Amino acid sequence: MSDPRILTVRPEPGEYAWTFGGAPPVARIAPGTVLDLYTEDCFAGRVRSEKDLVSEVCEFPFLNPQTGPFHVEGAEPGDTVAVHFVSIEPARDWAASTTVPLFGALTSTHTTATLQPPLPETVWIWQLDRARRTAMFRAHDSDIEAELPMDPMHGTVGVAPANLEVRSALVPDAHGGNMDTPEMRAGVTCYLGVNVEGALLSLGDGHARQGEGETCGVAVECAMNTVVIVELLKGVATPWPRIESDTHIVSTGSARPLEDAFRISQLDLVQWLVRDYGFSELDAYQFATQAVESPLANVCDTNYTCVAKIRKQWLPARETHRGMHAQLREMAATLRG
């Protein structure tokens, strides 16, 4: 195996993208390139203390800055970009979480409109122990403290949407975007269907950890130092973002209402079983019904995201996505070594 091409990108404050589509590429990369990236947190680093309220220090719609986009040479509609996460490491010893007015699953919102006032705007600063891999919660209204394990992930990874659309980096959809699934951690490969020439890949929104559903709308948000390998699968279509780990294949679906996000993820998983594992459609439907795990990703964004995953050990021994995950795992091991 030849030495990989490595591109290091550390954006200046004015060099982030705020949308998927509509932003010029920061670089052109060949398939097989390793990207060594810095990503800023969803607040663009402006929430640094409990006094920094989002409504005062952030300006909508400039939330969720993305590092990129990257033009992947040779990528055309109908292809798939494979993004393997080699490492995801918090870049600071602290992270921020908040409540945001009219945002979250357990409050009035612009789309679930009521006469109730917004919840109070509150900031929690989480201390990260990067050596011990922990994140410290400290309650505001009591002396409760809890040390939780870090589980770094990226809430947002995606490509330019189809049909000339430009989508806010806050929105998840078929192009990827702000899916907020804890499945997007180091060691996995994310497959994204290409919609425009060059794909225009971006990522950001690092979380030191996040519970399934991201109930209040905000995870343990932090800047990240992330290394990914970007590959290209020519002639392989991926209608919705997919994730492959060493143990599972994972489909995603993003929509409102939540039932439709669930249906999309389940249908994509069924179609994946048909295409790559030899099932008939009805056999795949029955098998998935009895074997699927269906964790929520987010129930707070402009679209909700559901996940459908199945253990590889229960599947026929077949190759999916041309064995790309195993190849990229081998490459990642070489990089780490």
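Given the structure is predicted, the values throughout are model-derived calculations rather than measurements.
- Of all non-hydrogen atoms in Ala17 and Pro69, the two that sit nearest each other are CB-CD, 4.1 Å.
- Between atom CD of residue Glu214 and atom CG of residue Leu296 there is a gap of 12.0 Å, rounded to the nearest 0.5 Å.
- Here NE2 of His175 is found 9.0 Å from CG of Asn195. Values are rounded to the nearest 0.5 Å.
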Let's go through Phe20 and Val159 carefully: what are the C-alpha distance in whole Å and the side-chain angles of both, what is the deciding distance for side chain to side chain contact (heavy atoms under 4.5 Å, CB included) to 0.1 Å, and is it a yes or a no? CA-CA 6 Å; Phe20 286 91; Val159 295; 5.9 Å; no

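- In this structure, Ser251 and Ile249 have side chains that are not in contact, with every pair of non-hydrogen atoms separated by 4.5 Å or more.
- Between Leu335 and Val34 the shortest side-chain heavy-atom distance falls below 4.5 Å.
- Although no hydrogens or angles enter the test, the distance criterion places no donor-acceptor pair under 3.5 Å between the side chain of Arg167 and the main chain of Gly21.
- In summary, the side chains of Thr252 and Thr305 do not present any donor paired with an acceptor at a separation below 3.5 Å, with no hydrogens or angles considered.
- For the residue pair Ser55/Glu121, the side-chain donor-acceptor check at 3.5 Å is satisfied.
- Note that CD of Gln210 is 7.5 Å distant from CG of Asn298, once rounded to the nearest 0.5 Å.
- In terms of hydrophobic clustering, with Ile, Leu, Val, Met, Phe, Trp and Tyr side chains grouped at heavy-atom distances under 4.5 Å, Val220 and Met184 are assigned to different clusters.
- One distance of note links CG of Leu53 with OG1 of Thr98; it measures 9.0 Å at 0.5 Å rounding.
- Using a 3.5 Å distance cut-off with no hydrogens or angles, the side chains of Asp129 and Thr134 do not pair a donor with an acceptor.
- Counting only heavy atoms from C-beta outward, the side chains of His207 and Glu221 approach each other to under 4.5 Å.
- Side-chain contact between Leu170 and Asp301 is absent, with no heavy atoms from C-beta onward closer than 4.5 Å.
- When only modelled atom types and interatomic distance are considered, Asn178 and Thr156 share a side-chain donor-acceptor pair under 3.5 Å.
- A 4.5 Å side-chain heavy-atom check between Pro25 and Leu200 finds at least one atom pair inside the cut-off.
- For residues 274-299, the salt bridge (Lys or Arg N to Asp or Glu O under 4.0 Å) pairs, not counting sequence neighbours, are Glu293-Arg311.
- Looking at heavy atoms from C-beta onward, Glu244 lies out of side-chain contact with Met324 at the 4.5 angstrom threshold.
- The aromatic rings of His321 and Tyr191 sit parallel to each other, their planes meeting at less than 30°, with 60° as the upper class boundary.
- Of all non-hydrogen atoms in Cys42 and Asp205, the two that sit nearest each other are CB-OD1, 3.6 Å.
- If you run side chain to side chain contact (heavy atoms under 4.5 Å, CB included) between Val86 and each of Thr226, Leu328, Asp36, Ile229, only Ile229 comes through.
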Step by step, work out the side chain to side chain contact (heavy atoms under 4.5 Å, CB included) result for Asp79 and Val81. CA-CA 7 Å; Asp79 298 339; Val81 167; over 6 Å; no

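- When only modelled atom types and interatomic distance are considered, Ser245 and Glu183 share no side-chain donor-acceptor pair under 3.5 Å.
- In this structure, Tyr38 places its OH atom where more than 12 heavy-atom neighbours from other residues, nucleotides or ligands lie under 6.0 Å away.
- Looking at Trp18 and Ser168, their side chains never come closer than 4.5 Å, going by heavy atoms from C-beta outward.
- We find the OG-CZ distance between Ser294 and Phe262 to be 4.5 Å, quoted to the nearest 0.5 Å.
- Put simply, the side chain of Phe85 does not reach to within 4.5 Å of the side chain of Arg185, judged on heavy atoms.
- Atom CG of Leu192 sits about 11.5 Å away from atom CZ of Arg242, to the nearest 0.5 Å.
- Val228 and Ile88 end up in the same hydrophobic cluster when Ile, Leu, Val, Met, Phe, Trp and Tyr side chains are linked at under 4.5 Å.
- Not a single donor-acceptor pair under 3.5 Å links the side chain of Asp268 to the backbone N or O of Ser265.
- Ring-plane geometry between Trp124 and His140 is classed as tilted, the angle between the planes lying from 30 to 60 degrees on a 0 to 90 degree scale.
- If you chain together hydrophobic residues whose side chains sit under 4.5 Å apart, Met224 and Met179 fall into the same group.
- In this pair, Phe137 and Trp126 present their aromatic rings tilted. The plane angle is within the 30 to 60° band.
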